[in-house]
Amino acid sequence: MSSRDVVLARVRRALADVPRGEGPYDPPVPRDYRRVHGTRTPEETVELLAVNLADYRALVHRCAPAELPSLIGRLLAARGARTVVVPPGLDPRWLSAADVSVVPDRAADTARDLDAVDSVVTGCAVAVAETGTLVLDGGPDQGRRRITLVPDHHVCVVRVADQVVDSVPQALPRLSPRRPLTWISGPSATSDIELDRVEGVHGPRTLEVVLVGAGAEHGGAG
Amino acid sequence: MSRSFLGMPAFPRAAAVSTRDTRLRANLAHATHTIRDKRARAVAELDDWAQLRAAGAAIKDRTLRHLDHYLEQLEESVVAAGGRVHWAADADEANRIVARLVRETGEREVVKVKSMATQEIGLNEALADAGIRAYETDLAELIVQLGDDLPSHILVPAIHRNRAEIRDVFRREMGKWGRPAPEGLSDSPAELAEAARLHLREKFLTAKVGISGANFMVAESGTLVVVESEGNGRMCLTLPETLISVVGIEKTVPTWQDLEVFLQLLPRSSTAERMNPYTTTWTGTTDGDGPRTFHLVLLDNGRTDTLADTVGRQALRCIRCSACLNVCPVYERAGGHAYGSPYPGPIGAILTPQLRGVAGPLEQSLPYASSLCGACYEVCPVAIDIPEVLVHLRERVVEGGPVTRHGARVVLKPAKGHAAERAAMRAAAWAFDHPGALRGGMRLAARTRRLHPRRLPGPGRAWSDTRALPAVPAESFRDWWQRTRGGAAGPERGGRT
Ligand code: SF4
């Protein structure tokens, strides 16, 4: 008998009390929890996203689409970044005003090669306002998971309002479980030493989020 | 190498020693109160918390009642997505499987992300025996590992260490494991975290094999989920060529949609955050992104025995948020080590005796490590009625009866003679000697009396008896630790260095 058979047989014996006719989806699950907490206009949802991102120490900026290249250029210059890795499908215009050397993400590059890169610029798949979360799904403008992990500075562009949802229950149906996902809520952090919060351990220590969309310039840069 | 919990003294003895260490107690009190208050605020933000909690409990119950179905579905989905699935009936088998998988890669080193399942089975020690070095990469686990120590809290395993001690451990030990601590390292948490970042980055950039657990496994899609804060999880899950995840069978949930409940419950209940900094989900392997080989080791190790107990089964709903630790007056005073397993606090008091059985003195004493005040139940995001299970397990210890061990039905004899009663009396006397431990402890008093086995010393009586605090310590926690960790004068220790 394989261990698989052993474990499954044990499970079945352990469940002798479960009525024979009961199917796997029969035990009821009440789903009367909320899909969204509160009611907000799309603008308010974006505002909540910005507030929650900032609350977890992400640096939040807003701009109109036409201003995006110059804003990205300024953010990279302020950081002193000289090299920037980008995913293959990133709109080349985004970096058109940046004075950096752009490193394409190549499969042959090692993690150590990436470690030498200053910054990474990506888009995202979904942003969740209630939790201040960005979700990356490896799409063409996001790339492999490692490029947003090893460099110390991540600039992530969110298209408002179409990429922004209110809540976790709204986010999951927009994401495919088949794709590897990274949910990011602020830069990495630890409270392991006397519960003192320290921002930035292994992931990028600086996370900058650009909310780009029509009318967004009125929100001002954060 | 971190130490193993095997051979820990029974709860009352270990607790009596650690409660005398004032610093440990102060650290714990500070930590538990801080987390508790923050958590209350994070939970209060969601006005449907009660509904989420009910849904979380119901999803887990649905899964557990049909676990065979969901495990087979999970296996099928993982395999279809390019992963390989292994089944381990017990700790030894899981360790053998992992050691073999690592050996097949030709590697001698692995990076690990904090996983309670691998602590439970003593994986690091087993790998060391097989000539494989496992590097813990969670900051707290690193502190514990470098300090040759044991974790004491699910979420903040090094809660018993202060910053100066951590600096000393880093200065002394980092060089032996890899990149040494920077010159002139101070004890500021930011500098210590930076030292850990530099030390571990060397490991991440070169590691070929990663080992993890998982918070959830989605049966319908074969997706695994790891929730974390520091980014070491992402490093271990995405940079190595081979990933081996060791996961308890109870971590299964049926559907992708079910995550909408747990990804709301877990971060708020655990770290008191709206969302933890990083969550990674993956399904099998993905071309060009992440490990090329993925192994899932499904672990039983007492879980099916727990499942067989219709009262105790609910312990398998646990999502390891650690909220019950932070509200527990007994945990606050006893500290995590007293529970003698990787699972401290109220959840440890009901999980360990079920996973291991109640034959040993530690396992027999654990159901008594509680004042039955019910705070753990109130706070549990999946509504595990911990006091109910505690009372149930007390009955089992004292009266014996039919139980399942290693998959077979056996009849447990009542604990020999009056040994259990004595153990119970000592435990109860300890817990109820501490007036603070009992404040607000009336919720279950009446109910407990009703459910109590005839021959058990009633906690109600015990706590009215004596109120004196322990006398001047004969031996501080630190001395006790020093004495017993070496194994020279202490009882036989299961750990190795
Ligand atoms: S028993 Fe409940 S409160 Fe305790 S760790 Fe598990 S899920 Fe959290």
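Proteins get letters first, then strands, A, B, ... in listed order; numbering begins at 1 in each.
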Salt-bridge test for B:Arg268 and A:Glu130: reply yes if a basic N is under 4.0 Å from a carboxylate O, no otherwise.
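Salt bridge absent between B:Arg268 and A:Glu130.
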
Is it true that A:Arg34 and B:Asp47 have a side-chain N and a carboxylate O under 4.0 angstrom from each other?
yes

Answer yes if the side chains of A:Ser185 and B:Glu273 hold a donor-acceptor pair under 3.5 Å, and no otherwise.
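Short answer, no.
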
Check whether any side-chain N or O of [X] sits under 3.5 Å from a backbone N or O of [Y] as a donor-acceptor pair, and report yes or no.
X: B:Thr283; Y: A:Pro177; answer: yes
X: B:Tyr70; Y: A:Pro24; answer: yes
X: B:Arg234; Y: A:His202; answer: no

Among residues 143-158 of chain A, which ones touch chain B with a heavy-atom distance under 4.5 Å?
A:Gly143, A:Arg144, A:Arg145, A:Arg146, A:Thr148, A:Leu149, A:Val150, A:Asp152

Can you name the residues of residues 166-174 of chain A that have some heavy atom under 4.5 Å away from a heavy atom in chain B?
A:Val168, A:Pro169, A:Leu172

Take A:Leu15 and B:His66, measure what side-chain contact (heavy atoms from CB on, under 4.5 Å) needs, and give me the verdict at the end.
CA-CA 8 Å; A:Leu15 294 172; B:His66 298 278; 5.9 Å; no

Could you have a look at A:Gly23, A:Ser2, A:Gly138, A:Gly132 and say which one has the most heavy-atom pairs with chain B under 4.5 angstrom?
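Most heavy-atom pairs within the cutoff with chain B belong to A:Gly23.
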
Report the option among A:Leu207, A:Asp32, A:Leu114 that has the most heavy-atom pairs separated by less than 4.5 Å from atoms of chain B.
A:Asp32

Could you list all the salt bridge (Lys or Arg N to Asp or Glu O under 4.0 Å) pairs where at least one residue sits in residues 19-31 of chain A, not counting sequence neighbours?
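Residue pairs passing salt bridge (Lys or Arg N to Asp or Glu O under 4.0 Å), neighbours aside: A:Glu22-B:Arg65, A:Arg31-B:Asp258.
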
Non-hydrogen side-chain atoms of A:Val6 and B:Trp87 separated by less than 4.5 Å
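No; the side chains remain at least 4.5 Å from each other.
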
Identify, with sequence neighbours excluded, every residue that meets side-chain contact (heavy atoms from CB on, under 4.5 Å) alongside A:Gln142.
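Testing A:Gln142 for side-chain contact (heavy atoms from CB on, under 4.5 Å), a comparison that skips the adjacent residues, returns A:Ala125, A:Leu136, A:Asp137.
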
Enclosure of B:Asp287 CG (heavy-atom neighbours >12, cutoff 6.0 Å)
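It does not: B:Asp287 CG has 12 such atoms or fewer within range.
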
A:Arg82 atom CZ, neighbour heavy-atom count above 12 within 6.0 Å
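12 or below, so no.
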
Partner of A:Trp183 by side-chain contact (heavy atoms from CB on, under 4.5 Å), out of B:Val227, B:Asn276, B:Leu263:
B:Leu263

B:Arg274 and A:Asp55: side-chain contact (heavy atoms from CB on, under 4.5 Å), yes or no, with the steps?
CA-CA 10 Å; B:Arg274 290 182 199 101; A:Asp55 193 34; 2.8 Å; yes

